Each structure stands twice: as structure tokens, then as C-alpha cells.
Amino acid sequence: MNHNNNNNLSHQRDRRVLSLPAVHPCEGISPATLISSLVTLSQNICNYQHSFFATQRRNAREAIRQVSIILFFLLEIQERSLPIPQSTVLSLSELHFTFQKIHFLLQDCVLEGARLLLLAKSNHVASLFRSLVCAVATSLDVLPLHEIEVSGEVRELVELLAKQARKAKMEHEPKDEHMSKSVHSILKQLEKGIEVDKNAFKEIIEYLEIKTWNESNREINLLEEEIALECSNCNEREHERDAPLLSSLLGLMSYCRVVIFETLEISNNREKSETRMSTEMITSVNPEDFRCPISLEMMTDPVTVSTGQTYDRASIKKWLKAGNTICPKTGENLSNTELVPNTTLKRLIQQFCNDNGISLSKSTNRNRDLANTILPGSAANAHAMQFVSWFLTRMLAFGTDKQKSKSAYEIRLLARSNLFNRACLIQVGTIPPLLDLLLCTDEKSTQENAISALMKLSKHATGPQHIMDSNGLKPILTVLKKGLSLEARQVAAATVFYLSSVREYRKVVGENPEVVPSLVELVNEGTTCGKRNAVVAIYGLVLVPRNQKRAIEAGVVHALVGVLGSSEKDELVAECLAVLAVLAENVEGANAILRASALSLITGMLQTASLRLGKEHCASILLSLCVNIGAEVVAVLAKDPSVMPLLYSLLTEGTSHAAKKARFLIKVLQDFSETRASGFKGSSVPQEPSLPVW
């Protein structure tokens, strides 16, 4: 049997399974064009006769048989160039419309990853076949065959087909029906909190010929795609009715992949995971991290409350104005109503929007996809995830080395883009054994899976607390310093970023004397993604003034300047400039930047930086250098004829923050040019009260 077909659409789909979005041919279409298109469409349908159908085998074969007979009729018209009366166009157009739907339906029946979904909806699929065959019969009934000069044999075939199509019984196949009932029975058990009958479900997946971990994973990927597509069509009621079933099947298939398929055979997927690891790391510009817990929209002005949780300013102010005195996310009492700007998060949100050319108002749909994963979607999915989480925790604690590695990889996948999964995995206690696994394995892949799983869990609101309460900083730091692979070290840097994104842990993490030097080392040695992870983690840490001195002593300035001089990645350059902008705000940091011979480099980047955010950071750095060092820097900038035009450009093209910096720096340079005092000192430079960088 051919399990692979050339109609595999699982990689890129723009429609939901069984949606069948056919369109009628235009009214002015010529008969010849219509016949040609019908021939092509019929041939495409007939190509499915050798494909593998996990379900609906009889119905699919019958539909293909009928189309193949009609193809003889169409080919004779085309090959003999027979005249087509205008009176037949309407019938042929309806036939074309029906054939499109048959083609879509067959695509879905062989779609890689859709076997369990189609089995669960097999009764509906059978009804679709039935209605389409009836539509074919109707089109043939009204087709004036006597006006088309085809051979008598072909005419008899078409007339016989019309009679057969009217009487065709496109029924629910008995075996499909039995297996479909078994699926729904298992889902009902899960709804009640009863664990899956493994033997019963094994019989189902054997019937569907889902034989490997990879194949079960493809089923999960398709179900996730269906849920995402449903979210984008959330106003359509027929799609909303599918949500509980899709979520339930997703939970069931996740249970299957984790519990039933014990062998993690990823084949070429393994190779992909090796190269994908870096892109999985911080993804600090990931909209899922920018969603306000109250509005579920991307935050435009993130602020942190006394419990350490972050919200959009407008949303939390509305919450407080309504008389609420507790934290919406944690339920803890707020000790005060102070709203502290989260400058780290605001910078990342700004960067994400700038890099992707989107406005905050257009980005809200990206957040709704993740927002839909806060709840499990169905009771069956919730219970399935609980059973999966317990199973994985047991395997991490008591399994063999291979079982532990597989469990870490499964957690990494389950927590990748699902908030409910993260919460469930954290709640049952997967974090402590994952931390233990970091240090007790000699396998690179196992350590990579464990640290990646921890990084995913650290993105949840409660993840950092569970990691810190489990004394997790030490093993994570060990991986950061001397992990078994560069990939593991880079993911550890991402984990440090998420830990330090919580204000109360930022100080604790930064006070560890080994954290910043290890991050600086990664800036020097890592891949582009690894450097970004380390730089963004450093940025979060240096927002605490005490950590700035540690960073400078660890050589962060020289490392960042080295990246600026060698990297062509705009995002990485902007992130390095952001760290330097923070360090330049104090005298020690400003002097370190000057000693690194970075002044000319930063001045040049004011002109060459591709991202607007990078230019703004350059202006902030130059202003801080003028304020903290004085005449030595001002004199160099005043002599550079390119500086003033660039600053005036920021006045008109930059943000209000950039314009403020540019105005102040212009004034400094103008005053210097006017006085030309040989005894110009730093104290004569106007002092700005504060130089916030975000």
C-alpha cells in the first residue's frame, strides 16, 4: 500500500479538514475551457485510486469509479473536438462544482495526520460522499446527452452511471462505524476521569495503521493546526461546534504518543530538532510572552504590580478602579497599588513589532491563538493531559535512561505552545526530576531535552517560582557554564532570561558570581541565536544597578562591542546596543565603553543601523557618554559632520523617547560649538535627571 501520496497538504494548509471550499465556474466560461478543466480535475481525482485510505475505503473507491467513467465521456469530447451546445454548460458547470468538492474530500481522506479525526467524524464523511454522489446523478440527469455527438458506447456508460449514482448507497462502513464508536466511548471515559483502555485504543490505531511515534505526532500536529484554524474562524458556528471534539482528540492522541509509543524514533526529525533547538530558545520576540493576563491582548504599556505579575497598564488600572484589591493572576492581596513599568518587556514588545512590521493593534490575533490554550478545551483533554503528566513524572523519577530522555522530550513538545499543558506539567511536579536529569546524564540529547523542557516551563507564570523553590538555579547554571553541548548552554541562557524576567529573582540570579561571566562567555562563543539569548538575559540582569558592575567586570562591554563589529543580524545588534545603553548611564559603564574604543563604532551605527530601535539606542549611548564623560566625547562628536543630520532625522522619524534624546544631545553639541572653551569639563554639560532606556 502507498502510505505517502503527492497530495500531502499537512505542511501548509489554508482550509479546515472537510470544509470543501468549491467555487462555481464563471458564467461566461467557454464550453471548450470548461471541458478542459473538467478533464484535468477528473484526472486528478482518478489519481487517488492507488492512494491509501485509512477509512471510507468503499465510498472513496465508488466516487473515483464514477468520476473515471465520466472522464471517458469528457475525453471523447475533447479529443474529437465535438461541438458543445450552450445548453450543456450549466450541467457541466454543476458537475465541475461537485468534482471540486469530491477532490477536496479525497484530499482530506488521504491527508497525512488526519486519520483519527476522520474516523471520529466518519458518519459525517460518509454523508458527504452520499450527497456528492447524488449531486453527480443530478448533473447527469439534466445533461442533454442527445445534443452531444459521442459514441453510443460512451453514451450508454454515462446513462448507466446516472442510474447507478441515483441508487448508490454511500453508507457508513461497518468497521469504520465500530471503530468510530470505540473512539467516542474512550473519549466519554476520559471525560469522566477514567484512564484510557490501552488495548482498546491500540486496536483503533492498528486499524488506522498508525504504527510509529512519528505517525502519532503527525496526528497531533494536524489537530493543533485544526484548532488554530478554528480560532481564526471563531465567528463561524459550525467551527465552534468542533472545538470540544478537536481538543478531546488532541488529548487522546497526546496520551497515545506519550504512553503507547514508548520508542522515540525521530529519524530525520532528530536532525531537525538539532538545528531547531536554537530557534526554540528564547524566542524573546514571541507574542505569547507579551499577552496581558486580563485582556489577552498584546501589552502596549506593561507594568508590574506588587505580586511581581505584569499586566497592561490600561487593563490593571481598570481592574483596580473597579475596587479589586487582589492580583488577577495569583489571587494574592496587593500590598499597594503601585504600577512599576516593566521596561524589559516593553523593549521586547517594541522590538517584535518593529522587526515584523506590525502595529500593536494588528498583533492581537496572534495572541488569541495562545489565549485559547489557557483552558483545555474539553474535559477529556484535561484528564488526558493529567494522565500524561503523571506518567511523564513517574518516568522521569523511576524510568530507564532512555525513558527519562523521551519523557523530557515529550514535555518539551507538550509545553511548546500550550498554556494549559505547561500548568498541568508544573502542577504534577515535573520540574524537580527535570532539574535532577540535567546533572545525572552523560547524553547530550538527554540534557538538551531536559533544559529545553525547563525553558518551556519557565515561560509559565508559575514556572520561575517552582524552579527557584526547587533550587534550580545551580543545575541550570552548571549547564550554562559547561553543558554537554553548545545547544544546551544556549537554552540554559534562555532559561536564565525567563527566571530573571521576574523582578524578585532578578537580584538573586544576578548576585550569583558565575551567572554573568557565563553569559558573557556565551556572547563570545555562541551561535547567533545563542548570542541573542545571552544578550537578552544580560539585559534583564543589568536593569538591577548592582549587576551592572558585575557585568562590566566580566567583560561584557568588550564582548558586545565585538558582536557589533562582526554581526550582520539587525536584531542582535539592537539588543547589544540596548545593554550598552543601560551600562552607559553610569560613569563606570561609560568609561568601559570608551576604553573599548566603541565611540566611533556607535557613531557609525547611528547612521547604518537598520532597525529604528538600534538608532535610538545609539542616541541614548552617545548622550550618556557626553553626560558621564564630558568634553572628551563631546569634542569628537562635534567634529563629526554626520552626527547632527542624523540627530535631526531622529527628531522627525523616531519615537518620542528618541526625539527627547536627540534634542538633548543636539543642545549639548550646539553649546560646545558655540563656546569652544578649551577648559570644557563634564560638569558643564547639562545634566539630565534620568536616562531611561527601554
Side-chain angles (χ1 to χ4, degrees), residues 281-282 307-309 330 332 389-390 392-399 401 404-405 407-412 415 422-444 446-485 487-522 533-534 536-538 540-541 543-544 546-547 550-551 554:
M281 287 177 262
I282 270 191
T307 59
Q309 302 300 324
T330 66
E332 300 175 43
S389 300
W390 291 331
L392 290 172
T393 305
R394 289 195 301 270
M395 288 298 102
L396 284 172
F398 307 112
D401 290 345
K404 290 179 180 180
S405 182
S407 297
Y409 187 77
E410 293 286 4
I411 293 171
R412 171 180 163 184
R422 291 176 191 169
C424 201
L425 288 162
I426 291 171
Q427 187 177 15
V428 301
T430 57
I431 285 179
L434 281 172
L435 291 168
D436 292 339
L437 188 59
L438 289 179
L439 303 183
C440 71
T441 181
D442 296 325
E443 291 291 331
K444 288 195 302 182
T446 300
Q447 190 177 75
E448 289 170 3
N449 289 332
I451 191 63
S452 187
L454 285 164
M455 185 270 288
K456 297 293 191 303
L457 297 178
S458 72
K459 296 166 75 171
H460 190 268
T462 64
Q465 180 182 348
H466 279 82
I467 291 174
M468 296 300 284
D469 288 350
S470 302
N471 298 315
L473 181 58
K474 183 177 180 180
I476 291 170
L477 178 57
T478 300
V479 176
L480 176 63
K481 288 175 56 183
K482 47 187 178 183
L484 298 176
S485 69
E487 302 291 356
R489 293 173 58 202
Q490 294 179 159
V491 181
T495 311
V496 170
F497 164 76
Y498 285 110
L499 294 178
S500 59
S501 66
V502 180
R503 186 174 57 176
E504 61 186 281
Y505 299 139
R506 192 174 295 158
K507 182 180 177 182
V508 176
V509 173
E511 285 178 347
N512 187 304
E514 297 178 314
V515 171
V516 175
S518 299
L519 291 172
V520 172
E521 186 177 348
L522 193 57
N533 286 355
V536 177
I538 291 170
L541 293 173
L543 292 176
V544 176
R546 291 184 180 180
N547 293 336
R550 297 187 183 98

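Just so it is clear, the structure is predicted and the values come from calculations on it, not from any experiment.
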Value rounded to 0.5 Å, distance of [atom1] in [X] from [atom2] in [Y]:
X: K459; Y: Y498; atom1: NZ; atom2: OH; value: 4.0 Å
X: R489; Y: L522; atom1: CZ; atom2: CG; value: 5.5 Å
X: M455; Y: L457; atom1: CE; atom2: CG; value: 10.0 Å
X: C440; Y: Q447; atom1: SG; atom2: CD; value: 10.0 Å
X: S389; Y: E410; atom1: OG; atom2: CD; value: 11.5 Å

- Message: Checking E448 against S485: is there a side-chain donor and acceptor pair closer than 3.5 Å?
- Response: yes
Test item: [X] side-chain N/O and [Y] main-chain N/O as donor-acceptor pair under 3.5 Å:
X: R506; Y: G540; answer: yes
X: R412; Y: A453; answer: no
X: T495; Y: V491; answer: yes
X: S500; Y: V496; answer: yes
X: T441; Y: L437; answer: no
X: T430; Y: L425; answer: yes
X: N449; Y: A408; answer: no
X: N533; Y: A493; answer: no

- Query: Which is it for I467 and I476 under the side-chain contact (heavy atoms from CB on, under 4.5 Å) test, yes or no, and what are the steps along the way?
  - Reply: CA-CA 10 Å; I467 291 174; I476 291 170; 3.7 Å; yes
- Within a strict 4.5 Å, meaning less than it, do heavy atoms of the T446 and D401 side chains meet? no
- Task: Compare every heavy atom of A488 with every heavy atom of V479, then report the nearest pair and how far apart it is.
- Result: CG1-O, 3.6 Å
